[in-house]
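These numbers were taken from a predicted model, which means no experiment stands behind them.
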Amino acid sequence: MISSVLFPREMLVGGGAINQIGALLGRLALSRPLIVTDRFMVDSGLVGRLLGALHSAGLPEPRIFSEVLPDPTTGIVERGVSFLQADKHDCVIGFGGGSPIDTAKAISVLAHFGGPLRKFKAPHLQELPGLPILAIPTTAGTGSEATRFTVITDDETQEKMLCAGAAFLPIAAVVDYKLTLSKPARLTADTGIDALTHAIEAYVSRRANPFSDGMARLAMRAISPNLRTVYLDPANRQARESLMIGATQAGVAFSNSSVALVHGMSRPIGAHFHVPHGLSNAMLLPSVTAFSAPSAIARYADCARAMQLVPDSKDDDAAVGALLNELQWLNKELGVPSPAKYGIDREAWHRLIPTMTEQALASGSPANNPRAPSPDEIQAIYREIYD
């Protein structure tokens, strides 16, 4: 088996790494970035820290596109492309959570190749790059800084489109856990479960390979023992750092393997009901794991061992039982609501189940699941998780 493995060309990893962004740009022969971010990042002062680091390196004052919203849409991307084309830029920096980084990726490709963005959605693979992309995550979750994917909602169809290919892989990433210290508990929990889902799905995916397996196990080992700690004690720097590194490792894992049914079903929930991506993953993870585990007992048992839920000597069935129990308890302890408790209208949820099922299957991710679901089985899971 031959696997194609892709990484960013360079990753700066560690507390305070953002201060070296100027030197990193210099090594890449880049000097005129467009910063893509959101208003919170500007108002919180984090963009100011990035600007200070660039100024210290003697770089000219960069332009900032700060219109990114959660669940970014094609309209936001198109405005970003117009903003970029109003001046001369040689690269794009995505600064923030998954939404700014995903938006920066889409702007990079669309500015070079033209739109509409839907022509780049899966199963299309965009390998030829646009402008160089640099990613600086401020949450420990999406792993987008190390992936060849972006997810953007189509304004016309409300479909969360998965776009894939080497063109969406950042050329470089700055992984600085100190940027996550101010994140609130809810965001920490949602992004942390998102990262754990990435690692689990990368490991059980039908497209898993020895390289992605190793990164997924490292990610689960880093994330699982530290997620509750960071949720309860946000100032715990050691746990924050482990969670941040684990999230990036999980991104590398699924970028070189794939995600599966959880993500396929999660994207339509976010598109139609504006549930944060990590939270919709968390809503689904226990039920989808219970559905999938009988088709990959050994693989899910390995996940339980990597998460240090059971000793290596524990038999597979007992290990899978421990994993299922852990995922249920993790959601309870981190306050993950059901769609009903989140406030989603029952009639609207059930009315949209056929549409969400169609969009989940169209994304291609469910086909990577160890147990490939039928449309009826996906609909049953949507109904199950509502309450």
Applying ring-ring contact (aromatic ring centres under 6.0 Å, His included) as the test, list every pair that has at least one member in [range]; sequence neighbours left out.
| range | value |
| --- | --- |
| residues 178-232 | Phe7-Phe211, His198-Phe254, His198-His263 |
| residues 36-79 | Phe65-Phe83 |
| residues 115-143 | Phe120-His124 |
| residues 360-387 | Trp349-Tyr382, Trp349-Tyr386, His350-Tyr386 |

Could you report the tightest heavy-atom contact between [X] and [Y], atom names first, then the distance?
| X | Y | result |
| --- | --- | --- |
| Gly192 | Ile223 | O-CG2, 4.0 Å |
| Ser242 | Asn226 | CB-ND2, 3.3 Å |
| Asp90 | Ser31 | OD2-N, 2.9 Å |
| Leu330 | Ile193 | CD2-CG1, 4.3 Å |
| Gly246 | Ala222 | CA-CB, 3.8 Å |
| Ala219 | Ala250 | CB-N, 3.5 Å |

- Task: Report the residue from Val81, Val36, Thr103 that forms a side-chain contact (heavy atoms from CB on, under 4.5 Å) with Ile76.
- Result: Thr103

Taking [Y]'s backbone N and O only, do any of them form a donor-acceptor pair with [X]'s side chain (distance below 3.5 Å, no angle check)?
| X | Y | value |
| --- | --- | --- |
| Ser287 | Leu284 | no |
| Lys183 | Leu179 | yes |
| Ser280 | His277 | yes |
| Ser363 | Ala360 | yes |
| Arg32 | Lys88 | yes |
| Thr357 | Ile353 | yes |
| Glu333 | Arg228 | no |
| Asn369 | Ala372 | no |
| Arg79 | Glu67 | no |
| Glu377 | Ser374 | yes |

Is there a side-chain contact between [X] and [Y] in this structure, where contact means two heavy atoms from C-beta onward sitting under 4.5 Å apart?
| X | Y | answer |
| --- | --- | --- |
| Pro62 | Leu34 | no |
| Thr139 | Leu187 | yes |
| Asp38 | Met41 | yes |
| Leu51 | Ile35 | yes |
| Cys91 | Leu25 | yes |
| Gln126 | Val109 | yes |

Without hydrogens or angle criteria, can the side chains of [X] and [Y] be said to hold a donor-acceptor pair below 3.5 Å?
| X | Y | value |
| --- | --- | --- |
| Lys105 | Ser144 | yes |
| Arg207 | Ser257 | no |
| Ser365 | Arg267 | yes |
| Asp71 | Thr153 | no |
| Asn256 | Arg148 | yes |
| Thr188 | Arg240 | yes |
| Ser205 | Asn368 | no |
| Asp155 | Thr74 | yes |

Sidechain N-carboxylate O distance under 4.0 Å for [X], [Y]:
| X | Y | answer |
| --- | --- | --- |
| Asp302 | Arg299 | no |
| Lys160 | Asp154 | no |
| Glu326 | Lys332 | no |
| Arg346 | Asp387 | yes |
| Asp316 | Arg305 | yes |

- Item | Pairs involving residues 2-14, ordered by first then second residue, that meet side chain to side chain donor-acceptor pair (under 3.5 Å) (sequence neighbours left out) | Glu10-Arg27

- Query: So among Gln359, Arg118, Lys121, which one has a side chain to side chain donor-acceptor pair (under 3.5 Å) with Glu159?
  - Reply: Lys121

Show me the donor-acceptor pairs within less than 3.5 Å that the side chains of residues 165-175 make with the rest of the protein, sequence neighbours left out.
none

- Message: So for atom NZ, which belongs to Lys119, do other residues, nucleotides or ligands contribute more than 12 heavy atoms lying within a distance under 6.0 Å?
- Response: yes

- Message: side chain to side chain donor-acceptor pair (under 3.5 Å), that's the test. Do Arg371 and Ser292 meet it? Break it down for me.
- Response: CA-CA 5 Å; Arg371 179 181 175 185; Ser292 306; over 6 Å; no

- Show the numbers, then the answer: is there a side chain to side chain donor-acceptor pair (under 3.5 Å) between Thr229 and Asn236? CA-CA 8 Å; Thr229 301; Asn236 189 313; 5.6 Å; no

- Axial cation check for Tyr177 ring with Arg237, 6.0 Å and 45° limits: no

- OH on Tyr300 to CG on Leu323, rounded to 0.5 Å: 8.5 Å

